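What follows is a single structure, written as structure tokens, with notes after it.
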There are 2 protein chains.
Amino acid sequence: MDRGRAEVLAPLLKALADPVRLRLMSLIACHTSAEACVCDLTPAFELSQPTVSHHLKVLHEAGLVERERRGVWIYYRLHPRASRVLDALSDLDATVGASR
Amino acid sequence: MDRGRAEVLAPLLKALADPVRLRLMSLIACHTSAEACVCDLTPAFELSQPTVSHHLKVLHEAGLVERERRGVWIYYRLHPRASRVLDALSDLDATVGASR
DNA sequence: GGTCTATGTTGACAGACGTCTATGTCTCGG
DNA sequence: CCGAGACATAGACGTCTGTCAACATAGACC
């Protein structure tokens, strides 16, 4: 892996390297129609709404989730390529799990 | 992904979410016998030796690399499960690359 | 228009992180 | 046993990160 790839990959991993954001990705993926609004997601955490909003922004800026406003609600959806990212994370999880 | 898995996976991703550490992993993997000492790795970066040592420590504490002293040198080797981690990273890299 | 509800933004703060210099530790050769 | 080389550790420093309370924005409904 050359320097360029490392510097592209690192910010992506950084965006994923937080338990709240990992669960957000997972919750969105498993939600009905594979999309969810903030009011669906916030109750899953013992965090304030602005904090959840902040994490969603980080995921959005990393290109992992998309936003769409429909009426009062803003729906979050996984970016198409994020599914493959989640697959890779499953492999990681399995690898970690296998050593426990 | 439940809370437990997220909190196990996040620190692992955190350890990987740094361009220097990604390149360290890659350099070790591609080196002769798949192991390398610090004096092999340091010249690849414009960083001080203690800084490289610090990053190796982070990787070691995350369970991604192993250490072995042989004489004056300390050789670093990828932990067996780290190969699968690198595979997953390749998928990530390909996914990111495909969208450019 | 006014008000309510859903969400984003700002500013502040403690703690973590990446980097350096200085110093310590361990090993080998003489 | 002493000096040199390879590496780790400690401490300091600026920056980034996660969190919150307070405020701003934007749509919906009366």
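We name chains A, B, ... by the order of the sequence lines, and we start the count at 1 in each one. As the structure is a computational prediction, the values presented were derived from the model and not from experiment.
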Practice task
Return the value, rounded to whole Å, for the distance between atom CD of A:E46 and atom P of D:dT19.
Solution key: 12 Å
Exercise for the section: Check the distance between C:dA16's P and A:K14's NZ and give it to me in whole angstrom. Expected result: 16 Å
Exercise for the section: Rounded off to whole Å, could you give me the CD1-to-P distance for the A:I74 and D:dG27 pair? Expected result: 9 Å
Fill in the blank from the handout: A:R67 atom CZ is separated from C:dT7 atom C1', nearest whole Å, by 9 Å
Handout entry: A:L24 CG to D:dT19 C1', straight-line distance once rounded to whole Å
Key = 14 Å
Exercise for the section: Starting from the 5' end of DNA chain D, give me the residue, A:R70 or A:S48, whose nearest nucleotide shows up first. Expected result: A:S48
Exercise for the section: By nearest nucleotide on DNA chain C, pick out whichever of A:T51 and B:L47 is the more 5' one. Expected result: A:T51
Fill in the blank from the handout: Atom NE2 of B:H54 and atom C1' of D:dA12 are separated, to the nearest Å, by 14 Å
Practice task
May I ask you to decide if A:D18's main-chain N or O and A:R23's side chain share a donor-acceptor pair within less than 3.5 Å?
Solution key: no
Exercise for the section: Go through D:dA8, D:dG18, C:dC28 for me and flag the one nearest to the A:D18 side chain. Expected result: D:dG18
Practice task
Mind checking B:R21 for me? I need base, sugar-phosphate or nothing, with any heavy atom below 4.0 Å counting as a touch.
Solution key: sugar-phosphate
Completion exercise
Whole-Å distance, A:W73 CH2 to D:dA26 P, equals 18 Å
Exercise for the section: Check for a donor-acceptor pair, side chain of A:T42 on one end and backbone N or O of A:C39 on the other, with a separation under 3.5 Å. Expected result: no
Handout entry: Distance below 4.0 Å between A:S53 side-chain N/O and C:dT7 OP1 or OP2
Key = no
Practice task
Record whether the side chain of A:Q49 comes under 3.5 Å of the base of C:dA6 through a donor-acceptor pair of N or O atoms.
Solution key: no
Practice task
Indicate yes or no for a side-chain donor-acceptor contact from B:R69 to the backbone of B:G71 under 3.5 Å, with no hydrogens or angles considered.
Solution key: yes
Practice task
Would you indicate, yes or no, if D:dT19 has its OP1 or OP2 atom less than 4.0 angstrom from a side-chain nitrogen or oxygen of A:H55?
Solution key: yes
Handout entry: Euclidean distance, atom CG of residue B:L41 to atom P of D:dA8 [Å, nearest integer]
Key = 10 Å
Exercise for the section: Using heavy atoms to find the nearest nucleotide of DNA chain C for A:R69 and A:P50 separately, return the residue whose nucleotide is more 5′. Expected result: A:R69
Practice task
Answer whether the closest heavy-atom distance between the side chains of A:L27 and A:D40 falls below 4.5 Å.
Solution key: no
What donor-acceptor contacts under 3.5 angstrom involve side-chain atoms of residues 50-60 of chain B, with partners at least two apart or in another chain?
{"residue": "B:T51", "atom": "OG1", "partner": "B:S48", "partner atom": "OG", "Å": "2.9"}
{"residue": "B:H55", "atom": "ND1", "partner": "B:R21", "partner atom": "NH1", "Å": "3.1"}
{"residue": "B:H60", "atom": "ND1", "partner": "B:V65", "partner atom": "O", "Å": "3.0"}

Problem - Candidate nucleotides C:dA6, C:dC20, D:dC7, ranked by approach to the side chain of A:V72 - the nearest - result: C:dA6
Completion exercise
Testing D:dA6, D:dA8, C:dT9 for proximity to the side chain of B:Y76, the answer is D:dA8
